[in-house]
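We name chains A, B, ... by the order of the sequence lines, and we start the count at 1 in each one.
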Protein chains: 2
Amino acid sequence: MTTPDRSTRDRLLNAFEALLVQQGPRAATLEAVAAEAGVSKGGLLYHFASKDDLVDGTLERLLTLAHQDAEAMRTSSSGPVQYYLETSVSTGSDLDRALVAAARLAQDNTERVSAALAQVREAWLEVLRAELGDESLARTIQLIGDGLYFNDVSGMPDPDALEHVQQVLGRLGR
Amino acid sequence: MTTPDRSTRDRLLNAFEALLVQQGPRAATLEAVAAEAGVSKGGLLYHFASKDDLVDGTLERLLTLAHQDAEAMRTSSSGPVQYYLETSVSTGSDLDRALVAAARLAQDNTERVSAALAQVREAWLEVLRAELGDESLARTIQLIGDGLYFNDVSGMPDPDALEHVQQVLGRLGR
DNA sequence: TCTACTGTACCGGCTGGACGGTACAGCGTG
DNA sequence: CACGCTGTACCGTCCAGCCGGTACAGTAGA
């Protein structure tokens, strides 16, 4: 389920994300990333000229994954809403990891990173809108997804949360 | 509306939060905090022996504010749910600032900070549960609040979000 | 009331360590 | 032997924490 380590470059991006997710932005130093990827610091800097460059590479991959996800959402057999809520709780997918990593980065690199995150959100909202034809409901469902996601990011995952939400949404159904 | 600068200690805590909120955790260095509060670094370290100590002071104040807020929620004239949702979008209150500051801190100081945030969430949920007598709805509303809050923290506030949520909740009302 | 002493609040320079980034000397493979 | 890539030594910067010192208010004793 994880991106295969095709190249040293991929290994470096995976290592960067892993460190961001598991230990936070402070721990994701160039040396730590290189070590995690099994490469020297010089080796890392050969592939990414600077830390900013590493961030750019991460965001680029995030956007690619997010657009694939929006497409998967559209064509999901259980419907976009169900798909969206289910995948808002951390599934351990590549996209999850990329999102959490980006959220961590957003604390420092405000501009670029939060722009990328906003882009991802907009892609999802677009699909919800198209499916529901109801702006208020689409927004509310996105907020619930944000909430689920926020709890995961904050290290307070709640396995029952999804059930409760589905129970409440069921009452709206009719 | 902001905590008065009664003492140098208060000024330091306010300065720390302000820097965390406005410029992120990297910018909130001891020197920067001291400068913002109008004291020297030595002066800061007189009041808070270490940066960890500064974090502890911030969390302590957060918990105090949060318990006051839970009480205000219980006794709000418009009801706890309305109060909770309204104050989930950033109102610029002391509690807001303390929460955003804590969220920023949670990126690095995983343990203590997220424990404090979990405590705050639990206090709110308790009030929602007591009011609604409906676990699923209480949880869902808290998730929506989390979503509203998350968007603010991420620098993507949406002034219309609250209206949409109220519109949807209205449909549940009957 | 003058003096000696104490505790509180604060200052600013220093140090050791970590981090981002650079330079350069290898090393294997085609 | 040339090129793609790796590893290491090093530099400048920044930061947390420490420390010697200052100012001053209060107090107690003669």
Side-chain angles (χ1 to χ4, degrees), chain A residues 4-60 101-102 104-113, chain B residues 3-61 101-102 104-113:
Chain A
D5 293 342
R6 299 187 195 293
S7 59
T8 298
R9 198 188 139 91
D10 274 332
R11 279 212 318 281
L12 286 165
L13 288 177
N14 289 342
F16 187 40
E17 287 183 358
L19 284 171
L20 283 171
V21 171
Q22 291 159 23
Q23 304 190 52
R26 291 297 275 253
T29 68
L30 294 185
E31 259 182 20
V33 171
E36 177 81 15
V39 178
S40 72
K41 190 174 163 184
L44 186 161
L45 286 164
Y46 175 80
H47 291 283
F48 299 96
S50 69
K51 198 167 190 179
D52 268 6
D53 203 13
L54 193 57
V55 171
D56 285 344
T58 303
L59 293 181
E60 206 173 312
R104 302 267 199 247
L105 286 173
Q107 301 294 327
D108 287 317
N109 300 8
T110 324
E111 343 75 28
R112 289 174 302 158
V113 182
Chain B
T3 302
D5 293 343
R6 299 188 193 293
S7 60
T8 298
R9 198 189 140 92
D10 274 333
R11 282 214 317 282
L12 286 165
L13 289 176
N14 289 343
F16 187 40
E17 286 183 359
L19 284 170
L20 283 171
V21 171
Q22 291 159 23
Q23 304 190 50
R26 290 297 273 252
T29 68
L30 294 186
E31 259 182 20
V33 171
E36 177 82 12
V39 289
S40 72
K41 194 170 162 185
L44 186 160
L45 286 166
Y46 174 78
H47 292 280
F48 299 96
S50 68
K51 199 166 191 180
D52 268 6
D53 203 13
L54 193 56
V55 171
D56 285 343
T58 303
L59 294 182
E60 207 172 311
R61 213 170 63 168
R104 301 265 199 251
L105 286 174
Q107 301 295 324
D108 286 319
N109 299 11
T110 324
E111 344 73 29
R112 290 173 302 157
V113 182

K.L.:
Of the options C:dT22, C:dC10, D:dG7, whose atoms approach the side-chain atoms of A:Leu45 most closely?
P.N.:
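The answer is C:dT22.
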K.L.:
Return the value, rounded to whole Å, for the distance between atom CG of A:Leu19 and atom P of C:dG20.
P.N.:
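Atom CG in A:Leu19 sits about 12 Å away from atom P in C:dG20.
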K.L.:
Atom NE2 in A:His47, atom CG in A:Asp10: separation rounded to 0.5 Å?
P.N.:
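Going from the NE2 atom of A:His47 to the CG atom of A:Asp10 covers 10.5 Å.
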K.L.:
Can you measure from OG (A:Ser50) to CG (A:Leu44) and round to the nearest 0.5 angstrom?
P.N.:
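Answer rounded to 0.5 Å: 10.0 Å.
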K.L.:
Between atom CZ in A:Phe48 and atom C1' in C:dG20, what is the gap in whole Å?
P.N.:
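Result: 16 Å.
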K.L.:
What distance do A:Arg112 atom CZ and A:Asp56 atom CG have between them, rounded to the nearest 0.5 Å?
P.N.:
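A:Arg112 atom CZ to A:Asp56 atom CG measures 4.5 Å (nearest 0.5 Å).
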K.L.:
Taking only N/O atoms, report every protein-nucleotides 9-16 of chain D pair under 3.5 Å with atom names and distance.
P.N.:
from   : atom 1 : to      : atom 2 : distance (Å)
D:dA16 : OP1    : B:Lys51 : NZ     : 2.6
D:dA16 : OP2    : B:Leu30 : N      : 3.0
D:dA16 : N7     : B:Lys41 : NZ     : 2.8

K.L.:
Using only side-chain N and O atoms of A:His47, determine if any of them is under 4.0 Å from OP1 or OP2 of D:dT6.
P.N.:
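The answer is yes; a side-chain N or O of A:His47 sits under 4.0 Å from OP1 or OP2.
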K.L.:
Starting from the C-alpha separation in whole Å, work towards a yes-or-no answer on side-chain hydrogen bond (donor to acceptor under 3.5 Å, both in side chains) for B:Asn14 and B:Arg9.
P.N.:
CA-CA 9 Å; B:Asn14 289 343; B:Arg9 198 189 140 92; over 6 Å; no
K.L.:
Nearest 0.5 Å, please: how far is OG1 in A:Thr8 from OH in A:Tyr46?
P.N.:
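Atom-to-atom, A:Tyr46:OH and A:Thr8:OG1 are 10.5 Å apart.
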K.L.:
Between B:Glu17 and B:Arg61, is a salt bridge (Lys or Arg N to Asp or Glu O under 4.0 Å) present by the stated rule, with each step listed?
P.N.:
CA-CA 11 Å; B:Glu17 286 183 359; B:Arg61 213 170 63 168; 3.4 Å; yes
K.L.:
Looking only at side-chain atoms of A:Tyr46, point me to the closest of D:dG4, C:dC11, D:dG7.
P.N.:
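When the side chain of A:Tyr46 is considered, D:dG4 is the closest of D:dG4, C:dC11, D:dG7.
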